[in-house]
Number of protein chains: 2
Amino acid sequence: MTIRTERRNDALSKERIVQAAIDILDGEGEGALTFRALARRLATGSGAIYWHIADKDALLAAATDDVVTQAMSGGAMSGGSMSDGGGDGVEPREAIRVIALGIFDAIDAHPWVGAQFSRAPWQPAMLRVFEAIGGRLWALGVPEAAWFNAWSALVTYIFGAATQNAANARLQAPGTDRSAALADIAGGWARLDPAQYPFLRQVAPQLGAHDDREQFLAGVDLILAGIGTVKGKSPPA
Amino acid sequence: MTIRTERRNDALSKERIVQAAIDILDGEGEGALTFRALARRLATGSGAIYWHIADKDALLAAATDDVVTQAMSGGAMSGGSMSDGGGDGVEPREAIRVIALGIFDAIDAHPWVGAQFSRAPWQPAMLRVFEAIGGRLWALGVPEAAWFNAWSALVTYIFGAATQNAANARLQAPGTDRSAALADIAGGWARLDPAQYPFLRQVAPQLGAHDDREQFLAGVDLILAGIGTVKGKSPPA
DNA sequence: ACCTGAACACCGTTCAAGT
DNA sequence: ACCTGAACACCGTTCAAGT
């Protein structure tokens, strides 16, 4: 007697399709993701994909949701949204930094996610990020009147900065050296007209030498410092 | 004797092509900008456009540069980049707010510009924005060690927030009511699981009622306040 | 020098036809 | 229920041919 597996291992499914799409996006770039390429990789017809996924937008949305969910699954990012101040042992400012860096690194590793945000905010996985940030603001003791604007500024900065960073990375030809490209731009700034661009000339060396993650975190810290001036008290010991 | 005009008034030129592209982008959306549609509007062949512009990326870059240049031509945004503190009578923080709002409004009016930033930062018109912000930081008396990070955080937030705002606007069907769509999302947040999403439930009413420009400016102010804590002195009177 | 428009090599999406 | 792959209606870009 033969025991049939209820499903062939290689049966098409939304999960398999989304994973194949992520593989293509990461490995060959956004331009390489076509239904024909996807069908070839899955050894099926291009039309079969439409049985499982509505269209290309839905495919990109599902792939993005996957990546963000992954990024949020780190231990430091769950829990701690209690209004009593957290209670999971992580200082709220530090927790916000960890969440922010998690998003930054995830988008850096999957640059196409950045472009996707513009087309589909309010995705389910995003809600978990939003809540995690908001919960830490409660734990920080930010006064109620400032909740919404403080939360909005943080979330906007985190996703905006991560997206811009990834876009810069995507601009480069796949094999080229990132720091060399940056040095090129910094060199261009250093040669700008001193009368018109005194500031950019001054900061050109720092542009060429900066670390992206540190620069990103410095921005998060500036916003946190600004939020601190609203409540007017120092962080809890 | 006949005096020939050196150029027919309707002769093709990069300027005319870019303007026609902007008209299409603003009036019919990003999906409507094709070389065929552009050629039809300019009463020429689709191939003629390639004589004046390298490809579609260059066309979008030129259109974006136009819009940003326009946004920066406002009087309050020029000058004032002297290290002696400005001297054009506008308080630096207020000048930064004006510049930021100018960018925000320009991208709000031309939402496609937001999507374009990801593909081409470092555009010439952008440099003027970058310099204008940096110059005001000097005027604010920010210490040298903080120049780069403070500048970077401001510029990142301004373009990131403006882009995200425009993307949200673009998501909606052209005819629909913006506040109704926001109320829908806010309603969704209000119905989230209280155990998992206490923060989002709390701020849902503010999400539905907020003013986008005010929210944006509040973020700029938070960063400026954070920058203030770095230098540790109050703004000059 | 500048313009024309057919041709080429692609797309996303649909759908009759298969199993 | 799920899959196939040809067909449809598009794209951006090129290029021989015109003026």
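Because only heavy atoms are used, hydrogens play no part in the values below, and waters and symmetry mates are left out as well, while side chains stay in. Bear in mind that the values here come from a model prediction, so they are computed numbers and not experimental data.
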Subject >> Dot-bracket encoding of pairs in DNA chain C, which uses [ ] for pseudoknotted crossings and | for another strand, Watson-Crick or G-U under 3.5 angstrom >> reply: ||.|||||...|||||.||
Subject >> Rounded distance (Å) that lies between atom P of dC11(D) and atom CG of L38(B) >> reply: 12 Å
Original post:
Can you check whether N149(A) reaches Q206(B) side chain to side chain, under 4.5 Å on heavy atoms?
Top reply: no
**OP:** Taking all heavy atoms of R41(A) and all of E28(A), pick out the closest pair and write down the distance.
**Re:** NH2-OE2, 3.1 Å
Original post:
How close or far is atom C1' of dC10(D) from atom CZ of R40(B), stated in whole angstroms?
Top reply: 12 Å
Original post:
How many Å lie between CG on L33(A) and C1' on dG12(C), as a whole number?
Top reply: 11 Å
Original post:
Hey, are the side chains of H210(B) and L182(B) touching, using non-hydrogen atoms and a 4.5 Å cut-off?
Top reply: yes
Subject >> Rounded interatomic separation in angstrom, taking CD1 from I53(B) and P from dG12(D) >> reply: 14 Å
Original post:
Under the ring-ring contact (aromatic ring centres under 6.0 Å, His included) rule, what pairs show up with a residue in residues 33-69 of chain B, not counting sequence neighbours?
Top reply: F35(B)-Y50(B)
Original post:
Roughly how many Å is it from CG in D55(B) to P in dC11(D), rounded to a whole number?
Top reply: 17 Å
Original post:
Any chance the side chains of D66(A) and Q70(A) put a donor and an acceptor closer than 3.5 Å?
Top reply: no
**OP:** Would you kindly give the CZ-to-P distance between F35(A) and dA6(D), to the nearest whole Å?
**Re:** 18 Å
Distance-only criterion, 3.5 Å: show the donor-acceptor pairs between side-chain atoms of residues 96-111 of chain B and protein atoms not counting sequence neighbours.
unit_1, atom_1, unit_2, atom_2, d
R97(B), NE, D221(B), OD1, 2.6
R97(B), NH1, E94(B), OE1, 3.0
R97(B), NH2, D221(B), OD1, 3.2
D105(B), OD1, R213(B), NE, 2.9
D105(B), OD2, R213(B), NH2, 2.7
D108(B), OD1, N165(B), ND2, 3.0
H110(B), ND1, D26(B), OD1, 2.9
H110(B), ND1, D26(B), OD2, 2.8

Original post:
For nucleotides 14-19 of chain C, read 5' to 3', which letter fits each nucleotide if B means a protein heavy atom sits under 4.0 Å from the base, S means only the sugar-phosphate is that close, and - means neither?
Top reply: BB----
Original post:
To the nearest angstrom, how far is I17(A) atom CD1 from dT13(C) atom C1'?
Top reply: 15 Å
Show me, pair by pair, the donor-acceptor contacts under 3.5 angstrom made by side chains of residues 150-159 of chain A, not counting sequence neighbours?
unit_1, atom_1, unit_2, atom_2, d
W151(A), NE1, F130(A), O, 3.1
S152(A), OG, Q215(B), NE2, 2.7
T156(A), OG1, S152(A), O, 2.7
Y157(A), OH, F216(A), O, 3.1

Subject >> Residues within residues 56-67 of chain B bordering DNA chain C, heavy-atom distance below 4.0 Å >> reply: none
Original post:
Any side-chain heavy atom of L33(A) within less than 4.5 Å of one from L60(A)?
Top reply: yes
Subject >> Whole-Å gap separating P (dA7(D)) and CZ (R36(A)) >> reply: 13 Å
Original post:
Does OP1 or OP2 of dC2(D) have a side-chain N or O of W51(A) closer than 4.0 Å?
Top reply: yes
